[in-house]
Amino acid sequence: MLLLIPGPVTTDARVKAAGAQDYAPWDNDFRQLYRQVCEGVLAIAQAEPEEHVALALPGCGHFAVEAAIRTFVPPGGRLLAPSTGAYAARLQKLAGDAGRVAVPLHVGATERVDPQAVAAALERDPSLTHLALVYSETGSGICHDVPELARIAHALGRRVIVDAVSAFGALPLELRALPAVDAVVLTANKCLEGLPGAAFAVARRDSLEAARGNAGSWSLDLADIYQHTLAPNAGPRFTPAAPALAALAVALELYREEGREARLARYTANMRTLYDGVIGLGLTPYLPPQLQGPIVVNVHAPDAPTWHLQLFVDALKQRGYVLSNFYNTEEPTFRVGCIGAFGADQMRQAVDAMGAALRDIGITRERAGLSRFIPQPLTA
Ligand SMILES: *Cc1c(COP(=O)(O)O)cnc(C)c1O
């Protein structure tokens with residue numbers, strides 16, 4: 001079964017095997033593994049160990065996004081949150097429910113965040129202490145220019161929080177060159193190709209010191225987790241997702257063997273195969289090529305009377321491929337992940353299976369409906 005949902009992702013057999021064991025979280029060997037994994041994450045962020053630290057938090061990505069907002073934005077504090085799509089909307093909700101004020105900035109569903117609009121919004125409202133960004137908006141598939149936006153925030157004296165959950169490890173990130181960034185949030189189970197259950201924040205040490213007492217939640221207080229890491233032979237604070245962390249240790253070895261650029265190139269090849277493949281099936285990608293990121297491709301639902309997302313997902317699962325069974329965009333689009341431990345050959349087979357699954361539910365190429373724009377293949 002290939003997961004194309006796009007996270008958690010399909011993992012290498014060695015990663016799965018490491019997760020299929022029992023671990024004692026406070027054992028000295030595990031403490032060491034725990035610190036190694038955090039150091040591995042820190043290195044991928046191209047962070048400065050004197051200035052930054054990678055903190056592990058059990059749970060899903062949203063827990064870490066909420067933890068970062070609670071920790072760095074004080075109660076009642078205001079953050080500018082460009083509305084890039086479904087995941088930005090979740091960030092805004094997490095902030096609001098935590099008693100922070102997320103001020104939205106309109107971004108078209110198929111547009112990149114406009115740096116000038118961000119600068120203008122920050123200049124207009126000095127009470128916005130933070131800018132919160134989604135690096136790869138999983139809702140649309142668009143990647144936003146986080147380095148550029150973080151530089152703008154820096155120039156205006158504002159702090160930045162980055163949801164890099166679906167970007168981390170694939171898209172470029174050099175934290176040591178982005179001093180405005182308080183925290184970058186990620187999980188083990190997307191581009192790092194680990195198991196679900198372990199989330200992380202890579203954060204500035206000085207910001208963590210200054211943020212003590214902000215969180216209003218002991219569980220989600222990154223400043224407290226940070227204090228815990230300062231003890232000699234530090235291990236996890238509470239019970240961690242130990243198998244997921246042990247699996248991540250193996251996934252990080254595989255990551256270092258492959259290298260970030262090769263991983264991104266593999267995902268980009270998967271994306272191109274998929275993008276052109278669905279056009280070949282008579283379907284229309286949601287994004288034009290120049291906006292399409294390498295992580296997730298949304299595809300307009302066929303304009304056919306027998307289309308039913310769940311029936312399509314079920315038919316495709318029979319053929320060995322799993323897609324998400326919900327829509328993330330206002331118009332109905334199904335989303336397909338390009339990330340995980342597989343390559344373009346398997347994506348080609350997945351596209352063939354999509355064609356067969358469409359036929360299973362009574363949709364042929366002629367009936368799929370090329371309705372929105374004439375799709376341009378990415379490759380000749
Ligand atoms: C996957 C993802 C998350 C976190 O999702 P969880 O289900 O909470 O792990 C957050 N932001 C983005 C952009 C994501 O792709």
Side-chain angles (χ1 to χ4, degrees), residues 3-11 41 45 56-70 79 81-95 97-98 102 107 109 112-113 131-146 149 160-171 173 181 183-202 219-220 222 240-241 244-245 247-248 251 264 267 270-271 286-287 291-298 322-329 333-340:
L3 298 186
L4 303 172
I5 50 181
V9 299
T10 298
T11 56
V41 167
L57 182 75
C60 65
H62 288 96
F63 289 11
V65 174
E66 180 176 344
I69 291 170
R70 283 183 171 275
L79 56 149
S83 301
T84 50
Y87 286 78
R90 290 161 176 219
L91 183 152
Q92 291 165 352
K93 176 169 167 54
L94 291 172
D97 286 4
V107 182
R112 281 210 182 90
V113 177
L131 172 65
L133 299 168
V134 179
Y135 197 168
S136 164
E137 173 53 81
T138 312
S140 66
I142 298 176
C143 299
H144 298 279
D145 193 348
V146 163
L149 296 164
V160 180
I161 292 170
V162 183
D163 170 353
V165 176
S166 61
F168 191 86
L171 299 185
L173 180 68
V181 176
V184 168
V185 170
L186 63 133
T187 64
N189 61 275
K190 285 194 174 158
C191 303
L192 297 180
E193 300 185 357
L195 300 181
F200 294 85
V202 183
S219 297
L220 297 178
L222 296 176
L245 291 171
L248 182 58
L264 177 60
Y267 293 165
N270 290 350
M271 178 274 285
Y286 179 63
L287 296 176
L291 282 177
Q292 178 59 63
I295 308 299
V296 61
V297 174
N298 280 285
V322 183
L323 295 188
S324 298
N325 57 354
F326 51 84
Y327 295 127
N328 258 167
T329 48
T333 63
F334 65 87
R335 66 179 208 193
V336 188
C338 307
I339 58 177

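Note that the structure is a prediction, hence the values are computed from the model and not measured. All ligand and atom numbering here is 1-based and tracks the order in the structure.
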Next on the checklist: For Phe63, is the CZ atom crowded, meaning more than 12 foreign heavy atoms sit under 6.0 Å from it?
Outcome noted: no
Item to check | Heteroatom proximity flag, Gly61 to ligand 1, N/O under 3.5 Å | outcome: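 Indeed, backbone or side chain, Gly61 has an N or O that close.
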Checklist entry - Can an N or O of Thr187 be found at a distance shorter than 3.5 Å from an N or O of ligand 1? => result no
If you count the atoms of ligand 1 from 1 in the order shown, which ones are under 4.0 Å from a heavy atom of [X]?
X: Ser166; result: 13 (C), 15 (O)
X: Cys60; result: 6 (P), 8 (O), 9 (O)
X: Thr138; result: 12 (C), 13 (C), 14 (C), 15 (O)

Specify the protein heavy atom at minimum distance from [atom]: its residue, its atom name, and the distance to 0.1 Å.
atom: atom 11 (N) of ligand 1; answer: Asp163 OD2, 2.6 Å
atom: atom 6 (P) of ligand 1; answer: His62 ND1, 3.4 Å
atom: atom 3 (C) of ligand 1; answer: Val165 CG1, 3.5 Å
atom: atom 12 (C) of ligand 1; answer: Tyr87 CD2, 3.3 Å

Checklist entry - When you measure from the side chain of Arg335 to the backbone N and O of Ile5, does any donor-acceptor pair fall under 3.5 Å? => result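 Such a contact is found between Arg335 side chain and Ile5 backbone.
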Next on the checklist: Could you check whether any side-chain N or O of Thr187 sits under 3.5 Å from a backbone N or O of Cys60, counting only pairs where one atom can act as donor and the other as acceptor?
Outcome noted: no
Next on the checklist: Against ligand 1, does Lys190 come closer than 4.0 Å with any heavy atom?
Outcome noted: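 Under 4.0 Å: yes for Lys190.
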Checklist entry - Under a heavy-atom criterion of less than 4.0 Å, does Val134 contact ligand 1? => result yes
Checklist entry - Given the rule in the side-chain contact (heavy atoms from CB on, under 4.5 Å) test, do Ser324 and Phe334 qualify, once you have shown the distances and angles that lead to the verdict? => result CA-CA 7 Å; Ser324 298; Phe334 65 87; over 6 Å; no
Item to check | Minimum-distance pair of heavy atoms, taken over all atoms of Pro82 and Val113 | outcome: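 Heavy atoms of Pro82 and Val113 come nearest at CB-CG2, 3.9 Å.
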Checklist outcome for this item: Note: Gln92 and Ser83 closest approach over all heavy atoms is NE2-OG, 3.0 Å
Next on the checklist: Quick check: do Cys338 and Val297 have side-chain heavy atoms less than 4.5 Å from each other?
Outcome noted: yes
Checklist entry - How does Ser136 reach ligand 1, by side chain, by backbone, by both or by neither, if only non-hydrogen atoms under 4.0 Å count? => result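 Just the backbone.
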Item to check | Ile339/Ile295 under side-chain contact (heavy atoms from CB on, under 4.5 Å): CA gap, chis, key distance, verdict | outcome: CA-CA 6 Å; Ile339 58 177; Ile295 308 299; 3.9 Å; yes
